[in-house]
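First listed ligand is number 1; within each ligand, the first listed atom is number 1. Everything numeric in this text was worked out from a predicted model, so none of it was measured.
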Amino acid sequence: MKNIVIFASGAGSNARKIIDHFKGSDLARVTLILSNKADAGILKIAEREQIPAVLIDKELFFRGDTYVKLLQEAQADLIVLAGFLWKVPANLVQAFPGRIINIHPALLPKFGGKGMYGHFVHEAVLAAGEKESGITIHYVNEKYDEGAIILQERCAVSVDDTPETLARKVQVLEHTWFPVIVERLLTQ
Ligand code: GAR
């Protein structure tokens with residue numbers, strides 16, 4: 001059985017989809033959840049699902065090996081960033097080469113980088129007059145949103161879209177594809 005570790009700081013809807021996808025699977029389980037926000041929805045989900053959860057200490061995250069050790073002890077096979085907004089420190093990236101992935105709510109390399117998350121992304125896509133948006137699932141490297149792309153899926157942007165309606169279209173793609181890609185990476 002493989003171990004999936006999820007980093008999340010938001011509502012946790014993607015994390016929930018991944019947890020549900022692997023319930024009853026003999027391939028993998030979500031065995032640990034980390035969050036940097038004490039009030040993140042994902043922590044409530046973790047409690048309900050009886051999945052161990054850790055609130056990240058910022059000082060320790062960016063200095064030293066605390067979290068590298070924690071993830072090694074957890075025998076993490078795949079580390080999934082699902083709405084986690086901090087840059088992953090180099091020592092963590094290097095300890096898990098090709099085993100950390102992220103989802104971004106736009107078609108990278110456009111609309112990525114620091115500060116580009118959630119509604120800011122959708123507002124920027126609309127302001128730029130884009131005809132399409134979508135999702136990018138990619139490997140994590142030391143730079144924000146720049147690791148090798150694993151999958152992109154697209155949706156149309158219409159003239160009457162708002163950040164909220166676009167967010168919903170993108171979220172449908174995220175919920176459809178993220179669990180599938182996690183499974184694919186664990187089986188290949
Ligand atoms: C998702 O839309 C994800 O793509 C985005 O945060 C949201 C988390 O939603 N991530 C980024 O913007 C990363 N730059 P969730 O907490 O409901 O899964």
Side-chain angles (χ1 to χ4, degrees), residues 4-23 30 32-49 51 53-56 58 61 78-89 92-93 100-128 130 132-157 161-183 185:
I4 302 165
V5 174
I6 297 181
F7 280 63
S9 307
S13 71
N14 280 283
R16 188 203 301 251
K17 289 286 171 191
I18 294 167
I19 292 166
D20 288 349
H21 182 85
F22 288 97
K23 264 186 203 166
V30 176
L32 181 64
I33 288 169
L34 292 96
S35 180
N36 64 317
K37 281 216 182 121
D39 59 352
I42 182 59
L43 292 178
K44 293 196 185 68
I45 297 171
E47 198 180 333
R48 205 164 49 235
E49 300 291 336
I51 299 169
V54 171
L55 184 60
I56 300 171
K58 192 169 189 176
F61 189 64
L78 191 65
I79 297 167
V80 177
L81 311 189
F84 184 73
L85 306 182
W86 287 353
K87 195 163 151 182
V88 177
L92 209 53
V93 173
I100 311 180
I101 64 169
N102 179 48
I103 191 160
H104 187 79
L107 298 170
L108 292 173
K110 281 183 168 180
F111 310 108
K114 195 166 163 46
M116 271 296 177
Y117 61 89
H119 66 98
F120 295 113
V121 176
H122 307 306
E123 282 162 13
V125 168
L126 293 175
E130 295 289 317
E132 59 176 16
S133 189
I135 62 166
T136 304
I137 298 172
H138 64 95
Y139 288 107
V140 169
N141 66 13
E142 282 98 333
K143 294 186 181 156
Y144 268 115
D145 299 331
E146 287 188 21
I149 291 172
I150 301 164
L151 173 98
Q152 290 191 308
E153 287 291 324
R154 286 151 206 279
C155 61
V157 176
D161 262 324
T162 64
E164 292 73 29
T165 60
L166 181 54
R168 277 198 289 279
K169 289 183 195 172
V170 168
Q171 194 181 50
V172 170
L173 293 176
E174 292 191 324
H175 291 176
T176 304
W177 286 101
F178 211 9
V180 172
I181 293 300
V182 169
E183 177 161 343
L185 293 174

Keeping the roles fixed (side chain from His104, backbone from Phe111), state whether a donor-acceptor pair exists under 3.5 Å.
yes
Mind running side-chain contact (heavy atoms from CB on, under 4.5 Å) on Gln171 and Lys17 for me, showing each step along the way?
CA-CA 11 Å; Gln171 194 181 50; Lys17 289 286 171 191; over 6 Å; no
Audit row: Glu49, Arg16, salt bridge (Lys or Arg N to Asp or Glu O under 4.0 Å) steps and yes/no:
CA-CA 10 Å; Glu49 300 291 336; Arg16 188 203 301 251; over 6 Å; no
Give me the residue, atom name and distance of the protein heavy atom closest to atom 10 (N) of ligand 1.
Ile103 O, 3.7 Å
Provide, to 0.1 Å, the distance between atom 11 (C) of ligand 1 and the closest protein heavy atom, together with that atom's residue and name.
Pro105 CD, 3.6 Å
Spacing of Asp145 atom CG and Thr136 atom OG1 [to the nearest 0.5 Å]
8.5 Å
Glu174, portion touching ligand 1 at heavy-atom distance under 4.0 Å
side chain
Does ligand 1 have any atom sitting under 4.0 Å from a heavy atom of Val121?
no
Closest non-hydrogen protein atom to atom 9 (O) of ligand 1, residue and atom name please, with distance?
Asn14 ND2, 3.9 Å
Polar proximity ligand 1 side, Ser13 side, N/O cut 3.5 Å exclusive
yes
Please identify which atoms of ligand 1 are closer than 4.0 Å to at least one heavy atom of Gly118.
12 (O)
Residue Gly10 vicinity, atoms of ligand 1 by number, heavy atom under 4.0 Å:
16 (O)
Would you sort out whether His175 and Ser13 count as a side chain to side chain donor-acceptor pair (under 3.5 Å), showing the intermediate values?
CA-CA 8 Å; His175 291 176; Ser13 71; 2.9 Å; yes
Mind running side-chain contact (heavy atoms from CB on, under 4.5 Å) on Val170 and Val121 for me, showing each step along the way?
CA-CA 11 Å; Val170 168; Val121 176; over 6 Å; no
List ligand 1 atoms under 4.0 Å from Ala11, heavy atoms only on the residue side.
16 (O), 17 (O)
Is ligand 1 less than 4.0 angstrom away from at least one heavy atom of Gly12?
yes
Nearest 0.5 Å, what's the CG-NZ distance between Leu43 and Lys37?
11.0 Å
Do the ring planes of Phe7 and Phe61 sit parallel (below 30°), tilted (30 to 60°) or perpendicular (above 60°)?
tilted
Taking 4.0 angstrom as the limit and counting only heavy atoms of Gly83, give me the atoms of ligand 1 inside it, by number and element.
6 (O), 8 (C), 10 (N)
Note: ligand 1 atoms sitting under 4.0 Å from heavy atoms of Met116 are 14 (N)
